[in-house]
Structure formats: structure tokens, C-alpha cells
Amino acid sequence: MFDKSKWIQLPRNVLVGHEVLEELSAAVSELYLSGRPLLVTSPTPNEIAGDRVRAQFDDPATVTISEASFDSVERVIEVGNEVGAGYLVALGGGKAIDTAKMASDSLDCGFISVPTAASHDGIVSGRSSIPEGDTRHSVAADPPLAVVADTEILADAPWELTTAGCADIISNYTAVKDWQLAHRLKNVEYSEYSGALSQMTAEMLVGNSDSIKKGLEESAWVVVKALVSSGVAMSIAGSSRPASGAEHLFSHQLDRLVPNGALHGHQVGVGSIVTEYLHSGEQGEWRDIRDALDTMGAPTTAAGLGISDETVIEALTTAHTIRDRYTILGDGVSEEAAIEAATFTGVI
Ligand SMILES: NC(=O)C1=CN([C@@H]2O[C@H](COP(=O)(O)OP(=O)(O)OC[C@H]3O[C@@H](n4cnc5c(N)ncnc54)[C@H](O)[C@@H]3O)[C@@H](O)[C@H]2O)C=CC1
Ligand SMILES: O=C(CO)COP(=O)(O)O
Ligand SMILES: [Zn+2]
């Protein structure tokens, strides 16, 4: 008897484009939500667009957080209960969105994702990525009910945030390879649709790299569409596997070793160069990944990330411990192998 079943949760409304922020309340009223909106944001995004969001609602409440952590999630839940929030509006980068995403699950209310930077593919995903001590949790959470991505705001954001988003997408190449490897070696469930969508998203972004240029609003358009598509791949998979492999473990480890270091997307991009080398060797496609990152203006070296060579090696040799996710790092890469891979690829 066929007894497989699955839920795929996706947003109902996705608005992308010039000045769509002004359509936020219209997108919300389409969702038949009730109650008081609670804006979950961080200081800079609040300054940039907080008033424009608040102006669209009656009696909105605001909570400002400074990091993605379980404490921040608790704070949002507390404020949400205090003000009787009917739904959350997450305004900001990945940290504000992840925090709101997880809090909305506990508050049992929906949330709307309003990214102010095209810097990560958690804009749409049904996962929340929260560090805790020596580990990082990729927590299942409902995806946003709607996404409102205003390309004017995204294009005005510092350019490195957009190149970080590009790198987060390019890292899908190695994430999918790690997922396929785990499927072959560890019988991890693999979704052909999700894997293909994730890979195609990376290919399309690289194929459109000519239109990704500083100062062009069209760049924000191209990148945010890829971020949405990658988030959908995660929702189809029901895990972050299609967009997070060994290169993400490397980045999560860097976050522990160098708190407040480089941007998430930039770290996973550099990680991808090395893990692609580990997958396919000297003649493999690591040069294509490096060149694509370089063309878009994302870092390709330890120096570009502002970290030491030693930190890169420490992160590479310990990244496999961060979570139970089988990747090309297996049960650990030796120091010699890590130095060889990072040196050959020019990362150190
Ligand atoms: N849940 C998921 O599926 C995913 C989660 N993530 C998570 O997202 C986080 C990374 O997201 P980021 O956006 O890189 O970090 P972030 O949220 O810390 O934002 C980076 C910086 O950009 C600032 N910023 C945002 N919009 C701005 C604007 N328009 N102008 C000026 N400054 C602006 C923020 O205030 C912050 O200082 C990580 O914690 C990562 O693990 C990343 C990918 C997927
Ligand atoms: O960053 C992500 C995908 O780009 C989410 O991945 P994690 O589950 O590793 O946090
Ligand atoms: Zn990522």
C-alpha cells in the first residue's frame, strides 16, 4: 500500500518590485488576518522602513531585536503576548526574519516577511536558523503567509548585502551535491524536484550575472527572485538541505569562532569554493564557483572575509561537528587535507 504523505507549505502572496512596500497592508488584508500587527525588526531596518510599515496599520506594535537567538525569540513571544499580537510583520535581514518566523510558531499566529536586504534565502523558507552555544538549530517553522520584497529598498541597501545573497544562492551547487552524497551513502531522503529547483536557481543566477551590478534596481529583482525560488526548494524538501551543505557548516562554525564576522552569504560562498574542490578535485568546478563569486563582487578568500588562514582551517576541520548532517566533510577533514584544499583553491 502506498502510504506516503507530505505537506508543502508556501506563502500565499509574493510581491516583488518597485515600491511594493506601499502595498503591504493590501497584501495583508487579502489574508483575512485579524488582531494587532507586531513589527519585528532590528535597528537599521526599523530606521529605513519602520515608519512606512507602521503608517499602513491601525495601532501597530514594534519589537526591536539585535541578534537571532533563542533569547530574541523569547522576547518577541513575550511582547507578542503582552500586546495581543494577531500577526507578525518581520522587517529586516535574515536575523529579524528568522526570529519572527520562530516566534510566530510559538505565538500560533502568521507572519509576513518584508526583507530590507537581498542577503539570504530565508526570506521565504519554512526554516529558522538559530545558533545556540556550540551548535546551530535549523528549526522547522511555518513559512511566511506573504512576502513583500521592495526592490527599491533592496537596491538601496549596501551592495555587499546583495552580493551575500548571490553567494548564498551559488552555494546551492555544493549543498545539492552534499545532499545527493548523503542520499547515496546514508540513505537520507532526497527530493528530485527540490534538488533540481535549487540547482537551477543557482544556474539561472550565474547565467544572469551580467545584470547583477551595483546601483541597478534590476539586480535586486534578479537576486530576490532567486532567493524566493531557493526558499521554495527548502519548503518542498521540508528541510534546508537543498540550500545548506558543508559550506553552511563551515559558515556556522565561523560564526562561533569569529562572532560578528563576515556576512552569512559571503562565508558560505568561500566555503563552497573549498567544498566543491573536496567533491571534485583539482579539475573540478571550484574555479567556476570562485569566478562567479568574483564577478559578482563577493569575497573568495580568507582575507576577503577578514579572517585569518588559521581560522579557515579550524572551521574546516571542525565544521562536521556542528550538526548531524552528512556532507563531503564526512566525519572530519584532516588538517593536512584542509590546508591542501584551501591553499590549492587560493582561499588561504
Ligand atoms: N532560515 C533560513 O532558511 C535561512 C536563514 N539564514 C540566516 O540569516 C542570517 C543572515 O542574514 P543577513 O541578512 O545576512 O544578516 P542580518 O539580518 O544580520 O543583516 C545583516 C546586516 O544588514 C543590515 N541591514 C539589513 N537591511 C539593510 C538595509 N536596507 N540597509 C542597511 N543595512 C541593512 C542589518 O541591520 C544587519 O546589520 C543568518 O543568521 C543565517 O543563518 C540565511 C539563509 C537561509
Ligand atoms: O542558510 C540557510 C540556507 O541558505 C539555512 O541553512 P541552515 O539550516 O544551515 O541554517
Ligand atoms: Zn544560507
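Note that the numbering runs from 1 along the sequence shown for the chain. Computed from a prediction, not measured in an experiment: that's the story for all the values here. Whatever order the structure lists them in is the order used to number ligands and atoms, beginning at 1.
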Minimum side-chain heavy-atom gap Leu31-Ile112 below 4.5 Å | yes

Going by the angle between their ring planes, with limits at 30° and 60°, are His183 and Tyr190 parallel, tilted or perpendicular?
-> tilted

Taking the side chain as every heavy atom from C-beta outward, state whether Leu263 and Ser119 have any atom pair closer than 4.5 Å.
-> no

With respect to the Zn ion (ligand 3), what is the nearest N, O or S atom of His248?
-> NE2

Consider only side-chain heavy atoms of I, L, V, M, F, W and Y, link residues closer than 4.5 Å, and tell whether Val40 and Val73 are in one cluster.
-> yes

Determine whether the side chains of Asp178 and His279 contain a donor N or O and an acceptor N or O closer than 3.5 Å.
-> yes

Donor-acceptor pair, side chain of Trp221 and main chain of Glu217, under 3.5 angstrom = no

Under 4.0 Å from ligand 1, counting heavy atoms only: the protein residues, by chain and number | Ser42, Thr44, Pro45, Ile48, Gly93, Gly94, Lys95, Asp98, Lys101, Thr116, Ala117, Ser119, His120, Asp121, Gly122, Ser125, Arg127, Ser128, Ser129, Arg136, Ala157, Pro158, Leu161, Asp168, Met234, Leu263, His264

Output the atom name for the N/O/S atom of Asp168 with the smallest distance to the Zn ion (ligand 3).
-> OD1

Exactly one of Arg325, Arg241, Glu189 clears side-chain contact (heavy atoms from CB on, under 4.5 Å) with Trp179, and that residue is Arg241

Return yes if some donor-acceptor pair links the side-chain N/O of Ser69 with the main-chain N/O of Ser72 below 3.5 Å, else return no.
-> yes

Would you confirm whether the ring centroid of Phe111 sits within less than 6.0 angstrom of the ring centroid of Tyr87?
-> no

Carefully, step by step, assess Phe70 and His137 under the rule ring-ring contact (aromatic ring centres under 6.0 Å, His included).
-> CA-CA 10 Å; Phe70 286 99; His137 302 275; 5.5 Å; yes

Which N/O atoms of ligand 2 sit under 3.5 Å from a protein N/O, and at what distances?
{"from": "ligand 2", "atom 1": "1 (O)", "to": "His248", "atom 2": "NE2", "distance (Å)": "3.0"}
{"from": "ligand 2", "atom 1": "1 (O)", "to": "His264", "atom 2": "NE2", "distance (Å)": "3.0"}
{"from": "ligand 2", "atom 1": "4 (O)", "to": "Asp121", "atom 2": "OD1", "distance (Å)": "2.6"}
{"from": "ligand 2", "atom 1": "4 (O)", "to": "Asp121", "atom 2": "OD2", "distance (Å)": "3.3"}
{"from": "ligand 2", "atom 1": "4 (O)", "to": "Asp168", "atom 2": "OD1", "distance (Å)": "3.1"}
{"from": "ligand 2", "atom 1": "4 (O)", "to": "Asp168", "atom 2": "OD2", "distance (Å)": "3.3"}
{"from": "ligand 2", "atom 1": "4 (O)", "to": "Ala243", "atom 2": "O", "distance (Å)": "3.4"}
{"from": "ligand 2", "atom 1": "4 (O)", "to": "His248", "atom 2": "NE2", "distance (Å)": "3.0"}
{"from": "ligand 2", "atom 1": "6 (O)", "to": "Ser244", "atom 2": "OG", "distance (Å)": "3.4"}
{"from": "ligand 2", "atom 1": "8 (O)", "to": "Ser138", "atom 2": "OG", "distance (Å)": "2.9"}
{"from": "ligand 2", "atom 1": "8 (O)", "to": "Ser240", "atom 2": "OG", "distance (Å)": "2.6"}
{"from": "ligand 2", "atom 1": "8 (O)", "to": "Arg323", "atom 2": "NH2", "distance (Å)": "3.3"}
{"from": "ligand 2", "atom 1": "9 (O)", "to": "Ser244", "atom 2": "OG", "distance (Å)": "2.6"}
{"from": "ligand 2", "atom 1": "9 (O)", "to": "His252", "atom 2": "NE2", "distance (Å)": "2.8"}
{"from": "ligand 2", "atom 1": "9 (O)", "to": "Arg323", "atom 2": "NH1", "distance (Å)": "3.1"}
{"from": "ligand 2", "atom 1": "9 (O)", "to": "Arg323", "atom 2": "NH2", "distance (Å)": "3.3"}
{"from": "ligand 2", "atom 1": "10 (O)", "to": "Ser129", "atom 2": "OG", "distance (Å)": "2.6"}
{"from": "ligand 2", "atom 1": "10 (O)", "to": "His252", "atom 2": "NE2", "distance (Å)": "3.4"}

Nearest heavy-atom contact between Glu247 and Ala175 is OE1-N, 3.5 Å

The Zn ion (ligand 3) to nearest N/O/S of Asp121 below 2.8 Å = no

Is the Zn ion (ligand 3) less than 2.8 Å from an N/O/S atom of His264, whether that atom is in the backbone or a side chain?
-> yes

